[in-house]
Amino acid sequence: MALCGAGRLLLQHPRNALRTFFKHNRTFCCSNNDPQEEQIREKFKLFPGGCIDLHKQESKIALMTINNPTRMNAFSGSMMLELEERVRELETWTEGRGLIVKGAAGTFCSGSDLNAVRAISNPQDGMKMCMFMQRIQTRMLRLPLISVALIEGKALGGGAELTTACDFRVMTADAVIQFVHKNMGLVPGWGGSARLVRIVGRQHALKLLAGAKKVDPDFGRQIGLIDEVLSSPQGGGNVLVEAEQWLSQLTKGSAPVIRAIKNVVISGSELSLEQALRTEIDIFGTVWGGPAHCEALAQRTKHK
Ligand SMILES: CC[C@H](C(=O)O)C(=O)SCCNC(=O)CCNC(=O)[C@H](O)C(C)(C)COP(=O)(O)OP(=O)(O)OC[C@H]1O[C@@H](n2cnc3c(N)ncnc32)[C@H](O)[C@@H]1OP(=O)(O)O
């Protein structure tokens, strides 16, 4: 790899690179030996059904499908475990740039499988399940991939929360997002409350949660929850093509640069200003003097 200037110097000192950011991220990534988590993993295995499909495409945009259509893509126990596996695969997919999360058969996801939930409705198991799903979705949002939730049909409860674990949300004209937790005697616990407040602000978050208000495309755009309304009809093959075209505007170019952009945005939004500034320097060092930078300099790139 041809490196120029300070990029070479910084990359020769990998100790510096991303130190702060990964230190922060490890808190969420390395909890596999937690005995509490092991107990809930064993319980999850008792509730099989459905799967989480992952297809890493040539375009370097991966497609993750929540696949349990007979239950409107509700999360069974085994699907919760599979979600973790898929996120782990994406964490090590070094050439990836983007991720689309969708549901199978024209609908997004109806939250946790109510049959499994009934069996683990005691507070201890509920907390363990919640911690597990919150960790995975935190890791999902922190992937160095630009992610979009493609919402067709319904995104309910935990399904609505999952849409907020992506950077963007696009939906078909007749799709609905609804945080139905209040109607279930709950609050979002998969990280959806904290993320929702950051996306739409405190007042809109209160309206969506306390009113269990249905979010259609118009309202979604108005409050900043929805980034694009797709023109293709729900369930049609073109929906995915349209979503991929929308995402491609942001994922074209050098993969290391796109991944670095996602990393500076995540650290900027999650760390204190001081830590974020320090991390920004580390991340800057991973692209300065790299192939895309050197090529842009050599070509005397103009930005007309
Ligand atoms: C922190 C997250 C939180 C938690 O952990 O507890 C949650 O996510 S709570 C779960 C929130 N979701 C729900 O409460 C969904 C309840 N279901 C519905 O409202 C409807 O089923 C709906 C709107 C998703 C679809 O309605 P529609 O009339 O189009 O179809 P059906 O009702 O006939 O549904 C088809 C089939 O799917 C089963 N189904 C749907 N959602 C779930 C679910 N979350 N868990 C298990 N099964 C689900 C539904 O029972 C039907 O099955 P069938 O055998 O035909 O009765």
Side-chain angles (χ1 to χ4, degrees), residues 44 47-57 61-87 89-90 98-117 133 136-137 140-141 143 145-181 184 188 190-192 195-196 199 214-217 220 225-247:
F44 285 161
F47 302 98
C51 56
I52 309 289
D53 300 322
L54 184 65
H55 178 41
K56 293 179 207 152
Q57 306 184 113
I61 292 179
L63 191 57
M64 183 190 281
T65 307
I66 317 301
N67 193 345
N68 191 8
T70 55
R71 293 188 174 168
M72 307 294 279
N73 301 326
F75 268 90
S76 66
S78 59
M79 286 167 71
M80 293 183 186
L81 294 173
E82 274 192 38
L83 182 67
E84 184 186 35
E85 276 310 305
R86 302 295 171 252
V87 169
E89 277 179 59
L90 290 171
L99 170 66
I100 297 177
V101 180
K102 63 185 274 290
T107 192
F108 189 75
C109 169
S110 64
S112 53
D113 182 335
L114 295 169
N115 305 300
V117 164
M133 288 300 277
I136 310 292
Q137 295 195 13
M140 199 168 139
L141 185 58
L143 287 168
L145 305 170
I146 301 184
S147 56
V148 61
L150 162 52
I151 305 147
E152 301 176 83
K154 292 187 167 57
L156 300 185
E161 293 191 64
L162 182 64
T163 71
T164 65
C166 293
D167 298 310
F168 297 102
R169 284 146 294 281
V170 300
M171 74 197 289
T172 52
D174 43 7
V176 172
I177 301 177
Q178 190 179 9
F179 291 83
V180 297
H181 304 74
M184 302 297 291
W190 296 358
R195 294 190 297 264
L196 186 65
I199 296 167
K214 287 186 180 165
V215 181
D216 64 15
L225 184 61
I226 293 303
D227 298 284
E228 185 75 10
V229 182
L230 304 179
S231 55
S232 310
Q234 174 183 318
N238 287 339
V239 173
L240 181 56
V241 174
E242 210 184 328
E244 193 159 349
Q245 274 167 359
W246 186 87
L247 180 58

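Both backbone and side-chain heavy atoms feed into the values below; hydrogens, waters and symmetry mates do not. Quick caveat, the model's predicted, so the values are computed rather than measured. Throughout, residue positions are numbered sequentially from 1 according to the sequence presented.
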For [Y], is there any backbone N or O sitting under 3.5 Å from a side-chain donor or acceptor partner on [X]?
X    : Y    : value
N68  : A74  : yes
N73  : T107 : yes
S147 : C166 : no
S110 : M72  : yes

Calculate, to the nearest 0.5 Å, the distance between atoms [atom1] and [atom2] belonging to [X] and [Y] respectively.
X   : Y    : atom1 : atom2 : value
I61 : Q245 : CD1   : CD    : 10.5 Å
E89 : K56  : CD    : NZ    : 5.0 Å
E84 : M133 : CD    : CE    : 10.5 Å

Would you name the heavy atoms of [X] and [Y] that are closest together and state the gap between them?
X    : Y    : value
L99  : M64  : CD1-CB, 4.1 Å
A104 : T65  : N-CG2, 3.7 Å
L54  : A62  : CD1-CB, 4.1 Å
A243 : I100 : C-CD1, 4.3 Å
L83  : I52  : N-CG1, 3.8 Å
S78  : P48  : OG-CA, 3.3 Å

May I have the step-by-step check of side chain to side chain contact (heavy atoms under 4.5 Å, CB included) for L145 and L90, ending in yes or no?
CA-CA 9 Å; L145 305 170; L90 290 171; 4.1 Å; yes
Can you list every side chain to side chain donor-acceptor pair (under 3.5 Å) pair that touches residues 149-166, not counting sequence neighbours?
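Those involving residues 149-166 are E161-H181, T164-R195.
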Evaluation steps, side chain to side chain contact (heavy atoms under 4.5 Å, CB included), between M80 and S112:
CA-CA 9 Å; M80 293 183 186; S112 53; 4.0 Å; yes
Does a side-chain heavy-atom distance below 4.5 Å link [X] with [Y]?
X    : Y    : answer
V101 : M140 : yes
V215 : V176 : no
D167 : V148 : no
F108 : L150 : no
M171 : L230 : no
R169 : I199 : yes

Side chain to side chain contact (heavy atoms under 4.5 Å, CB included) partners for F47, two or more places apart
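In terms of side chain to side chain contact (heavy atoms under 4.5 Å, CB included), with neighbours along the sequence ignored, F47 is linked to A116, A119, I120.
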Just to verify, what does E244 make a side chain to side chain donor-acceptor pair (under 3.5 Å) with, not counting sequence neighbours?
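Scan of E244 (side chain to side chain donor-acceptor pair (under 3.5 Å), adjacent residues dropped) gives Q57, S59.
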For D53, enumerate each residue passing the side chain to side chain donor-acceptor pair (under 3.5 Å) test, keeping only those at least two apart in sequence or located in another chain.
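Counting only residues at least two positions away or on another chain, D53 forms a side chain to side chain donor-acceptor pair (under 3.5 Å) with N67.
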Any pair counted as salt bridge (Lys or Arg N to Asp or Glu O under 4.0 Å), so long as it reaches residues 65-83, sequence neighbours left out:
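The answer is R71-D113, E82-R86.
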More than 12 non-hydrogen atoms from neighbouring residues, nucleotides or ligands closer than 6.0 Å to NZ on K214, yes or no?
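Atom NZ in K214 is not packed in, count stays at 12 or less.
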Can you list the steps and then say if Q137 with L162 is a side chain to side chain contact (heavy atoms under 4.5 Å, CB included)?
CA-CA 7 Å; Q137 295 195 13; L162 182 64; 3.8 Å; yes
For L240 and E242, run side chain to side chain contact (heavy atoms under 4.5 Å, CB included): C-alpha distance rounded to whole Å, both residues' side-chain angles, the deciding distance at 0.1 Å, then the answer.
CA-CA 5 Å; L240 181 56; E242 210 184 328; over 6 Å; no
Please identify each residue that fulfils ring-ring contact (aromatic ring centres under 6.0 Å, His included) with F75, with sequence neighbours left out.
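F75: ring-ring contact (aromatic ring centres under 6.0 Å, His included) contacts with W190.
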